[in-house]
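Notes to accompany the following structure.
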Amino acid sequence: MASKHGATKEIGHAVVERLRELGHDVTEHDMASTSAEDLDEAEALVLGGAVYFGRWPNEANDLVDDLADRVDGRPVWLFSSGPVAPDGEPTSVEESTIAIDGTMTALDAREHVMFGGRLDKTVLSFVERAVARALRAPDADTRDWDTIRAWADHVDEALRAS
Ligand SMILES: Cc1cc2nc3c(=O)[nH]c(=O)nc-3n(C[C@H](O)[C@H](O)[C@H](O)COP(=O)(O)O)c2cc1C
């Protein structure tokens, strides 16, 4: 996971827990302290990033660059955590956009899914808080745990089918 304030990390943890329940041997990594080589033994990869200004954090994009040469046909799934409001900015799940096409192509990923996010202005940096205020983004947590777990089930099914 690549998470600045923990919301994406918690989503990733829920996915990991569900995949473990379903019998998979899963290791959880923080992308900021993970190299592509660290993932060489993994049979499949699930990468999740928080969306800031329409893109994943730098550490996620750096890891994707390094992974591109090492994926070697392994199945890859991607998720993002972003939208926190039904309207306004940051925007709704349906409207939220992220520059993910390059990542999809680089890793030959099977799919990318956008989950809701969490915004808590009390934990943001000064600049982030100023941006959130300027965008009139409300404090909210729109992560839907049933949807997140259902997606883990879907990844499990795809893994079993492959
Ligand atoms: C400065 C700032 C910029 C953001 N930009 C976007 C964005 O472009 N698109 C989006 O959907 N969400 C955006 N968000 C919402 C975050 O992606 C959301 O809060 C996310 O769940 C945070 O994840 P994290 O706690 O793992 O860092 C932004 C939030 C902040 C504070």
Side-chain angles (χ1 to χ4, degrees), residues 1-21 24 26-36 38-39 42 44-68 76-107 109-155:
M1 279 78 76
S3 173
K4 286 193 183 181
H5 298 295
T8 314
K9 191 174 179 178
E10 289 171 6
I11 294 173
H13 191 66
V15 171
V16 166
E17 289 290 291
R18 182 66 186 140
L19 288 171
R20 283 185 181 144
E21 276 171 27
H24 297 279
V26 190
T27 311
E28 209 171 322
H29 295 267
D30 181 340
M31 288 201 226
S33 54
T34 303
S35 70
D38 292 338
L39 305 175
L45 298 165
V46 179
L47 272 57
V51 189
Y52 285 85
F53 306 108
R55 56 197 300 275
W56 279 1
N58 288 340
E59 68 264 26
N61 295 309
D62 291 347
L63 182 63
V64 167
D65 287 348
D66 294 342
L67 264 177
V76 178
W77 284 268
L78 311 175
F79 72 85
S80 296
S81 155
V84 292
D87 50 29
E89 292 283 346
T91 184
S92 65
V93 172
E94 292 75 20
E95 292 167 346
S96 184
T97 54
I98 171 169
I100 201 77
D101 289 356
T103 302
M104 292 282 296
T105 304
L107 303 181
R110 296 199 175 188
E111 68 179 20
H112 167 257
V113 63
M114 177 71 80
F115 295 126
R118 177 186 64 198
L119 191 67
D120 172 0
K121 288 198 244 345
T122 62
V123 303
L124 299 180
S125 70
F126 179 79
V127 172
E128 289 170 343
R129 191 159 51 240
V131 171
R133 282 197 180 132
L135 295 174
R136 298 180 196 282
D139 278 3
D141 186 348
T142 62
R143 294 170 299 170
D144 180 334
W145 300 104
D146 287 343
T147 301
I148 291 163
R149 277 189 290 269
W151 186 69
D153 289 0
H154 160 73
V155 170

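Here the structure is a predicted model, which is why all the values come from computation and not from measurement. One-based numbering, in listed order, for ligands and for the atoms of each.
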Legend entry - Residue selection (non-hydrogen contact nearest atom 20 (C) of ligand 1) among A140, A134, S81: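 Residue with the shortest heavy-atom distance to the ligand atom: S81.
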Inset, instruction - Ignoring hydrogens, just give me the one of S3, A2, A137 whose non-hydrogen atom is nearest atom 26 (O) of ligand 1. - result: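 The residue whose heavy atom sits nearest atom 26 (O) of ligand 1 is S3.
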Any idea which atoms of ligand 1 are less than 4.0 Å away from a heavy-atom of [X]?
X: A50; result: 23 (O), 24 (P), 26 (O), 27 (O)
X: K4; result: 24 (P), 26 (O), 27 (O)
X: L124; result: 31 (C)
X: T8; result: 23 (O), 24 (P), 26 (O)

When you compare ligand 1 with [X], is there at least one nitrogen or oxygen pair between them that comes in under 3.5 angstrom?
X: P83; result: yes
X: G6; result: yes
X: G54; result: yes
X: K9; result: no
X: G117; result: no
X: E128; result: no
X: V51; result: yes

Inset, instruction - Of the side chain and backbone of R118, name the one, both, or neither that has a heavy atom under 4.0 Å from an atom of ligand 1. - result: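 The backbone, only.
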Inset, instruction - Check I98 against ligand 1 and report side chain, backbone, both or neither, counting heavy atoms closer than 4.0 Å. - result: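 It is neither part, as no heavy atom is under 4.0 Å.
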Inset, instruction - Find out whether L47 and F79 are in side-chain contact, i.e. whether some heavy atom of one side chain is under 4.5 Å from a heavy atom of the other. - result: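 Counting from C-beta outward, L47 and F79 never come under 4.5 Å.
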Measure across [X] and [Y] and return the closest heavy-atom pair with its distance rounded to 0.1 Å.
X: S81; Y: I11; result: CB-CD1, 3.6 Å
X: W151; Y: E111; result: NE1-OE2, 2.7 Å
X: R143; Y: D141; result: NH2-OD2, 2.7 Å
X: A50; Y: P57; result: O-CD, 3.1 Å

Legend entry - Listed partners of A32 passing side-chain contact (heavy atoms from CB on, under 4.5 Å), at least two apart: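 If we apply the side-chain contact (heavy atoms from CB on, under 4.5 Å) test to A32, skipping adjacent residues, the hits are D30, E59.
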Inset, instruction - Please answer whether the main-chain N or O of K121 pairs with a side-chain N or O of D139 as donor and acceptor at a distance below 3.5 Å. - result: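 Yes, the answer is positive, given that a donor and an acceptor are paired below the 3.5 Å cut-off.
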Legend entry - Partner of M1 under side-chain contact (heavy atoms from CB on, under 4.5 Å), chosen from E28, H29, M31: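 So the option named by the test is E28.
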Legend entry - Straight-line distance of L67 CG to D62 CG, nearest 0.5 Å: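 L67 atom CG to D62 atom CG measures 11.0 Å (nearest 0.5 Å).
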Legend entry - Crowding at NZ, K4 (>12 non-hydrogen neighbours, <6.0 Å):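 Yes, NZ of K4 has more than 12 neighbouring heavy atoms, counting only those of other groups under 6.0 Å.
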